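Here's the structure, in structure tokens; my notes come after.
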Amino acid sequence: MLLLISDDQGLDAGCYGVPIRTPRIDRLARQGTRFTNGFAAVSSCSPSRAVINTGLYAHQNGMYGLQHDVHHQSLLPGIETLPASLRRAGYATALVGKKHVGPDSAFPYEAELVPERSGIRDVHELAVAAASFIRSSDDRPFFVTIGYSDPHRAPVDYGNDRPWPDVKPVVYDPRTVPLPSHLPDLPAVRQDLAQYYESISRLDSGIGLLLDMLDQSGRANDTLVLFLSDNGRPFPGAKTNLYDPGLHLPLIIRAPGTLAAVNDALVSWIDIVPTVLEWAGVAPPAAYPLPGTSLLPLLGQSSGSGREAVFASHEFHEINQYYPMRAIRTRSHSYILNLAHPLPYPIAGDVAGSSSWTAISADPAIPLGHRTQAAYRQRPAEELYDLARDPDELVNVAGDPSLQSIKQDLAGKLHAMRRSTKDPWLAELNDPYGHVGHD
């Protein structure tokens, strides 16, 4: 199995209708199942990677915020991860590139190759390391996670400031780049987007190199390939938000023996662990239930019954950016509960330091798309959006008397999810003299 995780990539690829050059990702989509309604369960790097590796929401697994440096978040004791489960089952396991989760004891990879280095975007090196490990695994099944650093911001221009081996740069004209609806049309924003899209095209080259090497190894015909992003693009209105640009991300799964398809079922990153475990024939953890379900029955299909809602859970990004939120999204509505709504909404450090945010915040009158900066920074306790009429989630209808039954239904389902997953932020489940989840 290959698990390919891009870093801060929104729903930005040619196969998702965005006019940028991603021919290798597009080819993978033509060979597998491309999910049009794939949603992360949190829009922050370490928490999302923890979800992908545990199948548990961030409020369940303990990775409440970033893992590195002073933020110092990690999984709770007793949480099972994919590398632990699969290595115990006899798989050769390796991590290539970005890790950004902990503790190390919970991620017992047989090998950790090409560790992340600031500013390094050598996708050729990642591909060579992964292919070498696959060849060295002999006849053992393998589980290799490739943690790309693209298209995360880099110290300089998303790593576009130098040539990289076996990568022909794709340079975008800022005047003509696609402009997401949550961003204003400013020269600085367009220049920033041009660099971001160039980084995605480099990611695309790296995925092509890797899959070509997999073909050459003779293992492609028995390898499950999953490609997804951890969270939304690193721009205001996306990353760390539970709005659509923060959570709605690419997901492509190519499985031997299944037909290509485009599937519109609502699926979540909590479904990744059940999918991988079912493919491997490995039992899920016995100590606790997984809230997600396998995506294997959806491969080669255009839809899937019973998948009409996804949930999201956020605590903080950096350690000083406390802003717990919970959300439920259906095909028709999005409902967000801001648990600390009196606080101003925090801006992630890499976004705050970007040329885009510098230009936007220089004038409070500049909107974020069609949302005012004031509304973005100070949010109400509840947000409800009619996605059919308002796909950009701009008009909060939580107070509309005609929609109270819809709001109550969504709030009830969200509360049930929080209770079933023993959310520590749910007062009725947090026993200060016992344990979280005391009934």
Side-chain angles (χ1 to χ4, degrees), residues 8-12 17-20 43-44 151-158 160 172-200 231-249 314 316-318 320-323 325 327 334 336 338 340-387 389-399:
D8 287 15
Q9 180 187 2
L11 200 65
D12 297 313
V18 179
I20 61 174
S43 190
S44 175
H152 193 286
R153 293 181 181 277
V156 180
D157 291 340
Y158 293 83
N160 301 328
Y172 293 89
D173 183 345
R175 297 169 299 178
T176 60
V177 292
L179 184 71
S181 63
H182 62 93
L183 292 173
D185 194 347
L186 300 176
V189 171
R190 287 186 166 276
Q191 181 62 45
D192 205 5
L193 284 166
Q195 297 293 337
Y196 163 73
Y197 292 134
E198 182 175 340
S199 183
I200 292 178
N231 53 251
R233 60 181 74 91
F235 287 81
K239 183 177 181 176
T240 75
N241 284 271
L242 301 190
Y243 300 131
D244 189 84
L247 298 174
H248 193 182
L249 305 175
H314 178 92
F316 52 83
H317 184 62
E318 294 157 54
N320 62 342
Q321 295 172 353
Y322 181 74
Y323 202 83
M325 301 178 282
S334 170
I336 302 172
N338 296 309
H341 62 92
L343 297 175
Y345 181 79
I347 311 299
D350 63 325
V351 175
S354 69
S355 57
S356 288
W357 183 247
T358 299
I360 294 167
S361 61
D363 182 354
I366 295 174
L368 286 165
H370 298 288
R371 179 181 278 110
T372 67
Q373 288 188 48
Y376 184 73
R377 290 173 179 267
Q378 197 66 57
R379 304 182 183 185
E382 295 178 293
E383 299 177 67
L384 177 66
Y385 300 102
D386 182 335
L387 298 177
R389 297 181 178 181
D390 180 26
D392 290 331
E393 298 164 291
L394 299 171
V395 181
N396 182 13
V397 294

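Numbers here are sequence positions counted from 1. Below, all heavy atoms of this structure are taken into account, side chains as well, without hydrogens, waters or symmetry copies. Being a predicted model, the structure only gives us computed values, none of them experimental.
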### Message
If I take atom CG from residue Leu186 and atom OG from residue Ser356, how far apart are they, to the nearest 0.5 angstrom?
### Response
8.0 Å
### Query
When rounded to the nearest 0.5 angstrom, what is the spacing between CD1 in Ile366 and OG1 in Thr372?
13.0 Å
#### Entry: pair Leu193-Pro180: side-chain heavy atoms closer than 4.5 Å
yes
### Query
Is there a donor in the side chain of Asp8 and an acceptor in the side chain of Tyr196, or the other way round, less than 3.5 Å apart?
no
### Leu179 side chain reached by Val189 side chain, heavy atoms, under 4.5 Å
yes
### Query
Between Leu368 and His182, is any pair of side-chain heavy atoms under 4.5 Å apart?
no
### Message
With a 4.5 Å cut-off on side-chain heavy atoms, are His314 and Ser43 touching?
### Response
no
### Message
Between Asp386 (side chain only) and Asp390 (backbone N and O only), is there a donor and an acceptor less than 3.5 Å apart?
### Response
no
#### Entry: Partners meeting ring-ring contact (aromatic ring centres under 6.0 Å, His included) with Tyr158 (sequence neighbours left out)
none
### Task
Check ring-ring contact (aromatic ring centres under 6.0 Å, His included) between Tyr243 and all other residues, then give those that pass, not counting sequence neighbours.
none
### Query
Does anything in residues 374-383 pair up under salt bridge (Lys or Arg N to Asp or Glu O under 4.0 Å), and if so which pairs, sequence neighbours excluded?
Glu382-Lys407
#### Entry: Flag side-chain contact, heavy atom, 4.5 Å: Val397 against Tyr385
no
### Query
Which pairs pass salt bridge (Lys or Arg N to Asp or Glu O under 4.0 Å) with one or both residues in residues 173-192, sequence neighbours excluded?
Arg153-Asp192, Asp173-Arg175, Asp185-Arg190
### Message
Side chains of Pro184 and Ile360, heavy atoms from C-beta outward: is any pair under 4.5 Å?
### Response
yes
### Residues in salt bridge (Lys or Arg N to Asp or Glu O under 4.0 Å) contact with Asp350, at least two apart in sequence or another chain
Lys239
### Task
Using a 4.5 Å cut-off on heavy atoms from C-beta on, say whether the side chain of Val351 contacts that of Pro236.
yes
### Message
I need the minimum non-hydrogen distance between Val18 and Pro178, along with the two atoms involved.
### Response
CG1-CG, 4.0 Å
### Query
Excluding sequence neighbours, so at least two apart, what forms salt bridge (Lys or Arg N to Asp or Glu O under 4.0 Å) with Glu393?
Arg329
### Query
For the atom pair CD (Gln378) and NE2 (His341), what is the distance rounded to the nearest 0.5 Å?
9.5 Å
#### Entry: Short side-chain to backbone donor-acceptor contact, Asn396 and Ala398, under 3.5 Å
yes
#### Entry: Chi angles and distances behind the side chain to side chain donor-acceptor pair (under 3.5 Å) call for Tyr345, Asn338
CA-CA 10 Å; Tyr345 181 79; Asn338 296 309; over 6 Å; no
### Message
Can you confirm whether Gln191 sits close enough to Ser355 that some side-chain heavy atom of one is under 4.5 Å from a side-chain heavy atom of the other?
### Response
no
